[in-house]
Amino acid sequence: ARIGLSFDEMVEFKSVFEGSFRVATADGSAVEGLFAVSENLVSFQPIELLAPDTSYVVTVPAGGITDFNGNAVDREWSFQFSTGAELSSP
């Protein structure tokens, strides 16, 4: 399953990497994957299928992803999702 984020400006491809777009299980284990950028859309494709009944956290740290003018995300934000019926807290 691909994870996608939409930004209000066109994203600089070079600013998108494991340190600027983090996907991990709720216990902090990183999920390996590939990134793609298309204008203002950033997507993450896990290398392996996501585990069933597992909670995940997506984090974009402050100062990471930038637009074409070099303006970086000004504050960290994150969200959780689950491949099961319930979320587990990180």
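Here the closest non-hydrogen pair linking Gly19 and Pro61 is O-CG, 3.2 Å. Across every non-hydrogen atom of Ala51 and Thr83, the tightest pair is O-OG1, 2.6 Å. Nearest heavy atoms, Ser15 versus Gly64: CB-O, 3.9 Å.
Between Phe35 and Phe44, the two ring planes are tilted [angle within 30° to 60°]. Below 30°, between 30° and 60°, or above 60°: for Phe79 and Phe81 the angle between ring planes is between 30° and 60°, a tilted geometry.
Within 6.0 Å of CD1 on Ile47 lie more than 12 heavy atoms contributed by other residues, nucleotides or ligands.
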What's the verdict on side-chain contact (heavy atoms from CB on, under 4.5 Å) for Val11 and Val16, showing C-alpha distance, side-chain angles and the deciding distance? CA-CA 8 Å; Val11 173; Val16 180; 3.7 Å; yes

Let me see the working for Asp67 and Phe7 under side-chain contact (heavy atoms from CB on, under 4.5 Å), right down to the final yes or no. CA-CA 9 Å; Asp67 65 16; Phe7 291 84; over 6 Å; no

Is there a side-chain contact (heavy atoms from CB on, under 4.5 Å) between Val58 and Ile3 once you walk through the steps? CA-CA 9 Å; Val58 176; Ile3 299 166; 4.2 Å; yes

Let's go through Ser6 and Asn40 carefully: what are the C-alpha distance in whole Å and the side-chain angles of both, what is the deciding distance for side-chain contact (heavy atoms from CB on, under 4.5 Å) to 0.1 Å, and is it a yes or a no? CA-CA 6 Å; Ser6 175; Asn40 68 326; 3.7 Å; yes

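For the atom pair CZ (Phe13) and OG (Ser38), the distance works out to 11.0 Å, reported to the nearest 0.5 Å. The structure places OG1 of Thr66 at 10.5 Å from NZ of Lys14, a figure rounded to the nearest 0.5 Å.
Note on Val57 and Phe17: separate hydrophobic clusters, where clusters join Ile, Leu, Val, Met, Phe, Trp and Tyr whose side-chain heavy atoms are under 4.5 Å apart, directly or indirectly.
Just one residue in the list Val31, Thr25, Val23 forms a side-chain contact (heavy atoms from CB on, under 4.5 Å) with Leu50, and that residue is Val31.
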